[in-house]
Amino acid sequence: GQQLNQSPQSMFIQEGEDVSMNCTSSSIFNTWLWYKQDPGEGPVLLIALYKAGELTSNGRLTAQFGITRKDSFLNISASIPSDVGIYFCAGHSNTGNQFYFGTGTSLTVIP
Amino acid sequence: DVKVTQSSRYLVKRTGEKVFLECVQDMDHENMFWYRQDPGLGLRLIYFSYDVKMKEKGDIPEGYSVSREKKERFSLILESASTNQTSMYLCASSPSLVTGYTFGSGTRLTVV
């Protein structure tokens with residue numbers, strides 16, 4: 001399967017700080033998704049991106065579809081304790097039947 | 001509230017047992033998926049189904065099979081459970097193959 005690399009693998013930040021994470025692929029994708037997984041739960045869709053260069057926000061979260069179509073970025077502003085969880089990117093190309101998922105970024109917010 | 005429901009949150013099974021993981025969705029979605037999640041490896045696709053009685057292998061189908069007799073239900077079967085199948089299993093559904101998936105809460109399976 002396709003390899004999506006997410007970085008960083010884990011983050012420990014103070015409450016109120018901004019967070020940035022990214023996802024890169026060896027292949028071009030036409031759709032990028034960002035999910036959050038709370039402890040003990042399944043992933044929940046946060047943001048979907050459909051066009052290169054697209055910038056989309058959902059509250060304090062902003063995601064961007066990279067110009068090269070091989071990467072995507074997620075930013076969280078003014079982090080709060082409930083932001084704790086694992087964030088996954090997922091990408092889909094026109095030639096495939098599935099979304100490929102990244103390895104996840106584990107976020108810990110210290111109050 | 002639309003949802004994907006996995007029948008068990010936690011399961012403990014013995015090596016060699018046949019294991020059934022059940023998943024039901026109430027959104028009338030065409031497509032359903034089974035993933036396993038392991039630390040450092042992310043989510044890996046085991047099987048998916050785009051219609052009743054249809055199935056496609058994902059990236060890691062070995063040791064698993066699936067059944068989709070009704071649109072709303074997608075079952076994952078471990079024919080003979082092994083310890084390396086200890087994992088979190090996630091079911092998902094979507095209305096098309098290019099739209100985001102809705103996931104269930106997961107089943108954490110331990111094979112001893």
Side-chain angles (χ1 to χ4, degrees), chain A residues 1-10 21-25 27-51 54 56 58 61 63 65 72 74 85-106, chain B residues 1-10 21 23-25 27 29-51 54-62 87-109:
Chain A
Q2 307 250 13
Q3 286 276 38
L4 268 66
N5 297 309
Q6 270 186 259
S7 66
Q9 194 172 357
S10 62
M21 61 188 78
N22 67 73
C23 189
T24 59
S25 165
S27 303
I28 288 174
F29 286 138
N30 294 307
T31 302
W32 282 98
L33 307 175
W34 283 93
Y35 282 86
K36 183 197 176 198
Q37 184 179 30
D38 289 329
E41 299 294 330
V44 173
L45 183 64
L46 298 173
I47 293 177
L49 302 159
Y50 301 104
K51 202 161 56 171
E54 181 181 354
T56 297
N58 178 2
L61 278 63
F65 193 138
S72 182
L74 178 70
I86 303 176
Y87 291 80
F88 289 101
C89 62
H92 188 284
S93 69
N94 278 347
T95 58
N97 286 329
Q98 61 169 301
F99 277 92
Y100 290 94
F101 284 79
T103 48
T105 294
S106 175
Chain B
D1 194 19
V2 293
K3 59 171 59 175
V4 175
T5 303
Q6 294 183 233
S7 54
S8 304
R9 292 299 295 268
Y10 299 94
L21 302 184
C23 176
V24 176
Q25 51 100 359
M27 296 167 282
H29 285 170
E30 303 293 331
N31 308 285
M32 296 188 75
F33 308 83
W34 276 106
Y35 283 86
R36 65 176 281 177
Q37 180 180 10
D38 300 289
L41 298 178
L43 278 65
R44 293 179 293 165
L45 182 64
I46 304 171
Y47 268 97
F48 70 98
S49 168
Y50 53 88
D51 200 353
M54 306 302 288
K55 61 184 179 184
E56 292 278 346
K57 292 181 180 179
D59 297 317
I60 51 164
E62 297 78 18
S87 187
M88 168 73 95
Y89 290 87
L90 291 163
C91 175
S93 73
S94 73
S96 81
L97 291 176
V98 296
T99 52
Y101 306 161
T102 300
F103 282 90
S105 297
T107 295
R108 185 163 293 281
L109 173 67

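Below, all heavy atoms of this structure are taken into account, side chains as well, without hydrogens, waters or symmetry copies. All values derive from a computational prediction rather than experimental measurement. Residue numbers start from 1 in every chain, and the chains themselves are labelled A, B, ... in the order their sequence lines are given, proteins ahead of strands.
With hydrogens and angles disregarded, no donor-acceptor distance shorter than 3.5 Å links the side chain of B/Y101 to the backbone of A/P43.
With a threshold of 4.5 angstrom between heavy atoms, B/T99 approaches chain A through N, CA, C or O but not through any side-chain atom. Heavy-atom distances place the side chain of B/L90, and not its backbone, under 4.5 Å from chain A. Looking at B/R44, neither its backbone nor its side chain comes within 4.5 Å of chain A, counting heavy atoms on both sides. Heavy-atom distances place no part of A/Q6 under 4.5 Å from chain B, backbone and side chain included.
Counting heavy-atom neighbours within 6.0 Å of A/E41 CD, excluding the residue itself, gives a total above 12.
Taking both residues in full, the closest heavy atoms of B/L41 and A/T103 are given as C-CG2, 4.1 Å, listed atom of the first, atom of the second, then distance.
Between the side chains of B/Q37 and A/Q37, at least one donor N or O lies within less than 3.5 Å of an accepting N or O.
Aromatic ring centroids of A/F99 and B/F33 lie 6.0 Å or more apart.
With respect to chain A, the highest number of heavy-atom pairs below 4.5 Å among B/R108, B/E56, B/R9, B/M88 belongs to B/R9.
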